[in-house]
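Here's the structure we're looking at; comments come further down.
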Amino acid sequence: MFNAVSHFFSQLFASYSPEAYEINNLFLDYLVLAGIIVALVTGLVIVGAIRFRSKKRPEEPPQIFGNKKLEITWTLIPFLILVFFFVLTLRAMIEINTPVGNDPKPDIIIIAHQWWWDMRYPGYKIITANELHIPVGKKLLMAVKSADVIHDWWVPDLGRKIDAIPGRTNYTWIEADSAGTYLGTCAEFCGAEHAWMRIKVIAQTPYEFNQWVNNQKQIPSQPNDSTAILGQMLFQKETCGDCHAIAGTPANAHVGPDLTHIASRTTILSGRLTNTRENLMSWLANPQKVKPGAHMPDFRFNKNQLNELVTYLEGLK
Amino acid sequence: MSFAFQIPESIEPIPKLRSKNGLLQWISTVDHKLIGIMYLWTSLIFLVIGFGEAMLMRIQLMRPENTVLSPQAYNQIFTMHGTTMIFLVLTPILIGFATYLLPLMIGANDMAYPRLNAFSFWMFFFGGLLLYLSFFAGGAPNVGWFSYAPLSEKFYSSSPGVNYWAISILLMGIGTIGSALNFVVTTLTMRAEGLSLSKLPLFVWMVFVNGFLILAAFPVLNAGLVMILIDRLLNAHFFTTATGGSALMWQHVFWTFGHPEVYILALPAFGMISEVIPVFSRKPIFGYEFVAASTVAIALLAFGVWAHHMFAVGLGTTFNAFFAATSMLIAVPTGVKIFNWCATMWGGSIMFKTSMLFAMAFLIDFTIGGLSGVGFAMVPIDWRLTDTYFVVAHIHYVFVGGALSAAFAGFYYWFPKMSGKMLSEKLGKLQFWLFFIGFNCTFFVFHLLGLLGMPRRVFTYPNLPYWGSLNMFSTIGAMVLGLSFVVLIWNIFYTIKHGEPAGNNPWNAWTLEWLSASPPKPKNFEKVPLIRSRRPLWDLNHPDNPDWKPELKPEASDE
Amino acid sequence: MNKNKILMFLFIGSEAFFFIALIISYVYYSRVGGSLSASAKYLDYKKTSIFTLFLILSSLSIELSGRSLKKGNRKLMLGWLLTTILFGAVFLFGQGSEYARLISLNVTISKNVFGSAFFTLTGFHGLHVFIGLVVLSLMAGLFYSGKFKKIEAGFFESASLYWHFVDAVWIVVFSVIYLGPIL
């Protein structure tokens, strides 16, 4: 039982990046102080209530009006403690907020939309969505923007949260100490589907990351399967390219997520569903049922069309 | 032409609704006591509605990926829950008590401006009604109780909800400003003879200082509200980022109001605690001067901390550091009051009446809430925990565990004065335990959920470890909390029918309101004695040992 | 101090915060929004200065009215009061004609941030002037018709205080909007 609890708490404060480490350290330091104060006040109230309950006391106890020395002391001591914590705070802020300089060259550009994340790597000329791959152990600069309302980029294991504000570019650093998958989410209420604007960060070894980059750089080959070919034709005919982009085809809009390598992603709809054939079909069949409020129109595809489209999309690895 | 219809003079303290002209007397009253009671009844109704909204949210959230409420419905409900609880429950409860008690506690027979007083109530009342009309007029506001732009702009929020939100808050705000004007002018000009400002009961002092806070903060809110309305209704560009507007301007303007607002809600609650704890500990407040002075410090600092709501916006280290410093600083005057209240209990003769139980719960829960707040002042902690369930925990600990507990303490304390009847202590204690247990079970786990990564304002969440079980636990806690409100309402109606007569001063308290009858006659006081100390009734009952002869007091111990 | 005067001080203090918020936002929008040039381009400085003068003179005339009231000179008090109302109305008329001219040039509240900020700030000021004129007119009317044997000094002082406030706000607003870009 104690093991379970301590495991739970160690998980809560596990740090997977230098920034997260600073934050968690500061929090734990403060938790100790807060715990002491809560225990102190609770103790004073309960002990005081019991010790001085009216049954055991004179009806009119000594009428004490105050004690200036005591009051000054209990004002000064908290003040000094807070000064100490302010210094700790300042230190942590400076550690986390490494300056970006006058002409920042971001490694990653995040553009937040209602309700998905556009992710670009200007250096590699890759565009993807919702699932960010990064190499382990490298401190990367992220530019965070918004295409519509205020959102907030937040991956707790990897550091601070930062708002994505229309009309403004914010910068933050992202770095993972060890390989793994880190979950995050939008943390500023942004409308109907704020709850399903989730983030996945996949930190990989340099080798695996390079593999991923090379794959993303590839233009998908033309489909072989007849169903998939029909799907591709449907994609172009049904104006999907007015919102989505698939490299190597005329579709080049970024109103909605880039679909060039959609089959390589583990989830769809910004973490709403796992990336399976069934789920893709249910989404295309009735978007409002799956993610009500989403800006994706309902094309009223029939069963055949759904089959063709999904077969095509599945080939976009 | 003469207007022959005459509104009858009020001869009974509380007109019965069923009696001839009863309803008319209530609607047309300018008597601060009846207006105060109307505030309290209205806020009770909105408490039930606001809690209903909360219960709907808790039911939707008790399981991952639950489908009880659609996101569109949920977003209206959480917005209305927040707006209701702040503007239609907490504000009117505190203003209602202040309206009722202020004149009585300073020995006056009414407020300085009785008609302004009535006007203020009806502005609040109709503002609240207008807000709820939105449900039937195309949709309630659905962008959160602080409506960040540009989400709140017409382009992203096409339903009229935000218009209703802005206009109704404008109306209610005008009412609140009217009340504040009355509080300040009444306190300055209508005190009984001998009652200098330094002898004011702490509740009056807090309400008085609060008046200034309201007068400074609400107009800033009004400026923001007119800007968003002009954007939405006249196609202006204040916050439309696509056409040159500034999303951040909204945040700055709103929080310049928003932060003082939370102190506006806290100070009267502190005042109530400062009245209740001394009486049920049978000794005076420990350190009156410090408590009063720290109140002024809070009011002044309140305008210097607003950007701690914006630490995630990315405004830079210098900017953030300044607001971190001021926000940590303001914790000092707020926090040391807790020690004053504990020291008041210490060495006393504690009576465990329901009122006192709520006051003691306040001390513990408000401390927890206040400490989570100071945590947020430490910017990197904010960077992890803002906009998560941790902040939802914080706000509910200070608003519910703090201000609402204090309001219940004040309610059990002053209900006998207002109605002439004693509330049932048995039912009161049942309510208290259901409330204390229910509240802490509902909201403590939110700290953990925030640490686990659950953001706020989500209509559902994925099935991540512990998220489901903690949410379920919270929902069960909320049901217990709901039961406590049922007991409260039962207690009120039971007491109105069968309550024991209270007498003038059932608690043997020491401030002037206990001199009047219970309930007070329409004219509060025929004659008020000369005031010579902070506890006039103690002086009256202890002619050989009055407070104004300090040489007769024991030395303050160092305990 | 008379309770009505305290009330009025508190009320105008409160309204001051409202205007400060709108003024700060105007300054932000005109500097960051880049519409300093817009104000120089579209606003009629000369005409507005003249109307400003009338508003300032109206503060003077209400002071003279107050002094006459204290001395008990009913006729003069009413005369100066009516002058105040007249000058205030001239100001509002001038404001209105400026609005009409701007709108004819397609500079509206919805044109850009400058339009939004300009019309909102000056509009709310104008609203406060209008309310002041209503109060002063009511006061004059009641006094003229003999309903009040004498106007309670507190009432007159409060109304006068409000009028001075409205004038002071305009001086700040005028400086920020019209003089700001020039200086």
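Below, read A as the first sequence line, B as the second, and so on, with proteins coming before strands; counting in each chain starts at 1.
- Both the backbone and the side chain of A/I150 come within less than 4.5 Å of a heavy atom of chain B.
- Contacts of A/E22 with chain B are absent, with no heavy-atom separation under 4.5 Å from either backbone or side chain.
- No part of A/L31 comes within reach of chain B, as not one of its non-hydrogen atoms sits under 4.5 angstrom from that chain.
- In summary, A/R272 and A/E193 do not engage in a salt bridge, as defined by a charged side-chain N under 4.0 Å from a carboxylate O.
- Contact check for A/L26 versus B/P380: side-chain heavy atoms found under the 4.5 Å cut-off.
- At distances below 3.5 Å, at least one donor-acceptor pair connects side-chain atoms of A/N67 with backbone N or O atoms of A/K69.
- Of the listed residues (B/G144, B/P284, B/P71), the greatest number of heavy-atom pairs within a distance under 4.5 Å of chain A belongs to B/P284.
- Put simply, the side chain of A/R51 never gets that close to the backbone of A/G48: no donor and acceptor are under 3.5 Å apart.
- Heavy-atom pairs under 4.5 Å with chain A peak, among B/Y288, B/F311, B/F78, at B/F78.
- No part of B/S70 comes within reach of chain A, as not one of its non-hydrogen atoms sits under 4.5 angstrom from that chain.
- For the set A/E60, A/E59, A/R160, the count of heavy-atom pairs under 4.5 angstrom toward chain B peaks at A/R160.
- Shown are A/T267, A/T181, A/T266, A/N130; of these, the side chain to side chain donor-acceptor pair (under 3.5 Å) with A/K200 is made only by A/T266.
- Aromatic rings of A/Y16 and A/Y182 (six-membered ring for Trp) have centroids within the 6.0 Å cut-off, being under it.
- To the nearest 0.5 Å, atoms OG (A/S54) and CE (B/M351) are separated by 6.0 Å.
- Ring pair A/F189/A/H194: centre-to-centre distance below 6.0 Å.
- Only the side chain of B/Y148 comes within contact range of chain A, judged by heavy atoms closer than 4.5 Å.
- For A/H295 and A/W115, the distance between ring centers is under 6.0 angstrom.
- Heavy atoms closer than 4.5 Å to chain A are found in both the backbone and the side chain of B/P462.
- Of the listed residues (A/G293, A/G271, A/C186, A/A34), the greatest number of heavy-atom pairs within a distance under 4.5 Å of chain B belongs to A/A34.
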Determine, step by step, whether A/T276 and A/N279 satisfy the side-chain hydrogen bond (donor to acceptor under 3.5 Å, both in side chains) criterion, reporting the C-alpha distance in whole Å, the side-chain angles of both residues, the deciding distance to 0.1 Å, and the verdict. CA-CA 5 Å; A/T276 67; A/N279 285 339; 3.3 Å; yes
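- Chosen from A/G167, A/P99, A/A192, A/P78, the residue pairing most often with chain B at heavy-atom distances under 4.5 Å is A/A192.
- Of the two parts of A/L90, only the side chain, counted from C-beta on, holds a non-hydrogen atom closer than 4.5 Å to a non-hydrogen atom of chain B.
- With A/F27 as reference, A/F13 is the one residue of A/F13, A/F85, A/F9 to meet the ring-ring contact (aromatic ring centres under 6.0 Å, His included) rule.
- Most heavy-atom pairs under 4.5 Å with chain B, from the set A/Q114, A/K68, A/Q11, A/M93: that is A/M93.
- Within the 4.5 angstrom heavy-atom criterion, atoms from both the backbone and the side chain of B/S349 approach chain A.
- For the options B/G314, B/G348, B/G375, B/S281, heavy-atom pairs under 4.5 Å to chain A are most numerous at B/G348.
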**Message:** Could you go through B/N340 and B/F290, starting from their C-alpha distance and side-chain angles, then the distance that decides it, and tell me whether this counts as side-chain contact (heavy atoms from CB on, under 4.5 Å)?
**Reply:** CA-CA 8 Å; B/N340 282 79; B/F290 256 75; 4.2 Å; yes
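- With a 4.5 Å cut-off on non-hydrogen atoms, B/I338 touches chain A through its side chain but not through its backbone.
- The aromatic ring centres of B/F286 and B/W341 sit 6.0 Å or more apart.
- Of the atoms belonging to B/T344, not a single heavy atom falls under 4.5 Å from chain A.
- Taking the six-membered ring for Trp and the full ring otherwise, A/W153 and A/W117 have centroids separated by under 6.0 Å.
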* To do: Output, in order, the C-alpha distance, side-chain angles, deciding distance and verdict of side-chain contact (heavy atoms from CB on, under 4.5 Å) for A/L12 and B/L452.
  => CA-CA 6 Å; A/L12 274 186; B/L452 282 167; 3.5 Å; yes
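- In this structure, A/D152 does not pair ionically with A/K161, as no charged nitrogen and carboxylate oxygen lie closer than 4.0 Å.
- With chain A as partner, the option from B/I364, B/L151, B/N508, B/L329 having the largest number of non-hydrogen pairs under 4.5 angstrom is B/L151.
- No other option in B/I381, B/V379, B/V458, B/T386 has as many heavy-atom pairs under 4.5 Å with chain A as B/I381.
- Only the backbone of B/N142 comes within contact range of chain A, judged by heavy atoms closer than 4.5 Å.
- The contact between B/F459 and chain A is made by backbone and side chain atoms together, counting heavy-atom distances below 4.5 Å.
- Most heavy-atom pairs under 4.5 Å with chain B: of the set A/I72, A/V45, A/L44, A/N24, this distinction falls to A/V45.
- In terms of non-hydrogen atom pairs under 4.5 Å with chain A, the most contact-rich of B/M356, B/M360, B/E153, B/M310 is B/M360.
- Residue B/R456 touches chain A through its backbone alone, counting heavy-atom pairs closer than 4.5 Å.
- Contacts between A/D157 and chain B at a heavy-atom distance below 4.5 Å are absent for every atom of the residue.
- With a threshold of 4.5 angstrom between heavy atoms, B/E289 approaches chain A through side-chain atoms but not through N, CA, C or O.
- Contact annotation for A/T42: both backbone and side-chain heavy atoms come within less than 4.5 Å of a heavy atom of chain B.
- Heavy-atom pairs under 4.5 Å with chain B peak, among A/I94, A/N97, A/V149, at A/V149.
- With a threshold of 4.5 angstrom between heavy atoms, B/I277 does not approach chain A through any atom at all.
- Heavy atoms of B/L248 lying under 4.5 Å from chain A belong exclusively to its side chain.
- Two rings, from B/F280 and B/F352, have their centers 6.0 Å or more apart.
- Aromatic rings from A/F8 and B/Y466 are positioned such that their centres are separated by under 6.0 Å.
- Neither the backbone nor the side chain of B/H447 comes within less than 4.5 Å of any heavy atom in chain A.
- Contact annotation for B/A242: neither backbone nor side-chain heavy atoms come within less than 4.5 Å of a heavy atom of chain A.
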